[in-house]
Amino acid sequence: MKRFVFGAVMAAALIGAPAAFAQQIVIKFSHVTTPDTPKGMGAERFKALAEKFTNGKVKVEIYPNSQLYKDKEEMEALQLGAVQMLAPSLAKFGPLGVREFEVFDLPYIFPNKDALRRVTDGKVGKALFAKLEPKGIKGLAYWDNGFKIMSANTPIAKPTDFQGLKMRIQSSKVLDAQFRAIGALPQVMAFSEVYQAMQTGVVDGSENTPSNMYTQKHYEVQKYALVTNHGYIGYAVIVNKRFWDGLPADVRTQLEKAMAEATTYANSISQSENDDALEAMKKSGKIQISTPTPEATAAFRKAMEVVYTEMGSRIGKETIDAVLKETKAN
Ligand code: LMR
């Protein structure tokens, strides 16, 4: 009987029977931001395209805002196959043991998005994805969020204002070194816990993109923000490699097409989403947002320069040089 049912399902699949009869492939896509962020919107677009291009053979279930897993757990869940797709920030790959990814956390490494794109779309981006494969992970795309700003509950305008401030960071040795370089006390914390930590004074401030600060409502529990644009947050869209390699080839091709289109979309809206979020926070009247003077920016750059030497051997000179070469090309 079992064998008959299996045979019937296979036959139906082979002759292109309705998707409802053949077994549907489910992709669980977990992430930590809200649906109205560059990542959340990219995920929704991927779902729509993937389901359309595969004629419903694939169903994508999105679990936003850390509702399934927090930062670290998410990566473990993917490796175990409990979820199939994630888009963790690039900072989350250092703790996985792929330290070369920490190059993205270096302060002031990307002068603009074009330079960043040359890195992610070029040799460096490919080489980094290759390093994920022995971990059972396949990298599909790089999605932007944007450049980071600082927030705190005391006035911040220049590096010395951060002396002694407890600043939340993602779990990255480079980000730790960056804040120590300006005298702050970095505190590693999961993204979903930051709002409460700010509200209760467990941390004094943080760095993040305007879109993350806005959608997580950090601006309600922080008094000041400084538009430093000192670093970058972007994502690697990744899948469980065994799951991906085991997909029927035609389905995988359609999913690759959906991912390519979703990537173009996600990267086309990231800047405006961040610009709008910054504006909305300014308009809220709840947080005072300022821009550093050229002198203050120069002082931040100078103070943080030490991170390159401190973290050089950890990240790997080859990777840093390859990135710097791309950022200097025109
Ligand atoms: C953070 O943990 O601050 C962010 O990287 C979260 C995200 O995914 O944007």
Side-chain angles (χ1 to χ4, degrees), residues 29-44 46 62-78 83 85-96 98 101-107 110 116 120 139 141-152 166-176 178-179 184 186-198 202-219 221-222 225 228-238 266-267 269-271 273-274 277-278 281:
F29 187 163
S30 166
H31 71 87
V32 300
T33 66
T34 59
D36 55 343
T37 54
K39 174 160 62 179
M41 291 162 76
E44 293 289 347
F46 172 71
I62 304 176
Y63 299 92
N65 213 17
S66 311
Q67 64 178 256
L68 276 192
Y69 304 106
K70 291 183 194 169
D71 308 4
K72 205 171 133 242
E73 303 157 2
E74 193 175 70
M75 203 70 96
E76 287 159 9
L78 183 87
V83 293
M85 188 174 280
L86 304 175
S89 74
L90 299 166
K92 309 264 157 70
F93 292 90
L96 192 70
V98 194
F101 272 86
E102 291 175 352
V103 73
F104 290 102
D105 296 339
L106 283 169
F110 299 109
L116 167 84
T120 53
Y142 290 98
W143 286 1
D144 276 341
N145 186 328
F147 289 103
K148 290 181 284 190
I149 68 174
M150 307 277 202
S151 76
K166 284 176 279 167
M167 298 294 285
R168 179 267 171 174
I169 55 165
Q170 302 183 71
S171 177
S172 156
K173 294 285 181 230
V174 173
L175 300 178
D176 184 279
Q178 169 200 276
F179 274 120
Q187 316 270 315
V188 172
M189 188 176 288
F191 185 57
S192 58
E193 290 167 1
V194 182
Y195 177 89
Q196 209 188 354
M198 286 171 165
V202 169
V203 295
D204 300 307
S206 85
E207 55 165 13
N208 224 310
T209 60
S211 97
N212 275 348
M213 286 188 183
Y214 181 60
T215 52
Q216 294 294 316
K217 304 194 191 310
H218 293 175
Y219 67 101
V221 285
Q222 293 276 273
T228 44
N229 291 326
H230 63 282
Y232 170 76
I233 291 187
Y235 309 107
V237 187
I238 55 176
N267 290 344
I269 53 140
S270 57
Q271 189 62 49
E273 286 301 308
N274 276 296
L278 193 64
M281 288 194 286

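Each ligand, and each atom within it, is numbered from 1 in the order the structure gives. Owing to the predicted nature of the structure, the values given are computational and were not obtained by experimental measurement.
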- Specify side chain, backbone, both or neither for T37, according to which of its non-hydrogen atoms lie closer than 4.0 Å to ligand 1. neither
- Message: Contact between H31 and Y235 at the side-chain level, heavy atoms closer than 4.5 Å - yes or no?
- Response: no
- Which atoms of ligand 1 sit under 4.0 Å from any heavy atom of R168? 1 (C), 2 (O), 3 (O)
- Would you say the side-chain atoms of Y232 and D144 include a donor-acceptor pair closer than 3.5 Å? yes
- Note on the structure: K39 heavy atoms within 4.0 Å reach ligand 1 at atoms 7 (C), 8 (O)
- Query: Which atoms of ligand 1 have any heavy atom of V32 under 4.0 Å away?
  - Reply: 6 (C), 7 (C), 8 (O)
- Message: Residue-level breakdown please: for V194 versus ligand 1, do any non-hydrogen atoms fall below 4.0 Å on the side chain, on the backbone, on both, or on neither?
- Response: neither
- Query: Where's the contact between K70 and ligand 1, heavy-atom distance under 4.0 Å: side chain, backbone, both or neither?
  - Reply: neither
- Message: So for H31, does at least one of its heavy atoms come nearer than 4.0 angstrom to any atom of ligand 1?
- Response: no
- Item | Atom indices of ligand 1, in the order listed, that fall short of 4.0 Å to a heavy atom of N208 | 1 (C), 3 (O)
- Message: Measuring from atom NZ of K217 to atom CD of Q222, what distance do you get when rounded to the nearest 0.5 angstrom?
- Response: 15.0 Å
- Message: How far is atom 9 (O) of ligand 1 from the closest protein heavy atom, and which atom is that?
- Response: Y235 OH, 2.5 Å
- Task: Any atoms of ligand 1 less than 4.0 Å from a non-hydrogen atom of K92? List them with their elements.
- Result: 1 (C), 2 (O), 5 (O)
- Message: Tell me whether the rings of F29 and F46 are parallel (<30°), tilted (30 to 60°) or perpendicular (>60°).
- Response: perpendicular
- Item | Residue pair T209, F147: steps toward the side chain to side chain contact (heavy atoms under 4.5 Å, CB included) verdict | CA-CA 6 Å; T209 60; F147 289 103; over 6 Å; no
- Can you say whether the rings of F191 and H218 are parallel (under 30°), tilted (30 to 60°) or perpendicular (over 60°)? perpendicular
- Presence of salt bridge, K92 and E74, under 4.0 angstrom: no
- Item | For S89, the ligand 1 atoms whose distance to one of its heavy atoms is below 4.0 Å | 5 (O)
- Message: If the cut-off is 4.0 Å to any non-hydrogen atom of N212, which atoms of ligand 1 fall inside it?
- Response: 4 (C), 6 (C), 7 (C), 9 (O)
- Item | Heavy-atom side-chain contact between H230 and M150 under 4.5 Å | yes
- What protein heavy atom sits nearest atom 5 (O) of ligand 1, and how far away is it? Q170 OE1, 2.9 Å
- side chain to side chain contact (heavy atoms under 4.5 Å, CB included) evaluation trace for Q178 with L106: CA-CA 8 Å; Q178 169 200 276; L106 283 169; over 6 Å; no
- Which atoms of ligand 1 have any heavy atom of T33 under 4.0 Å away? 7 (C), 8 (O), 9 (O)
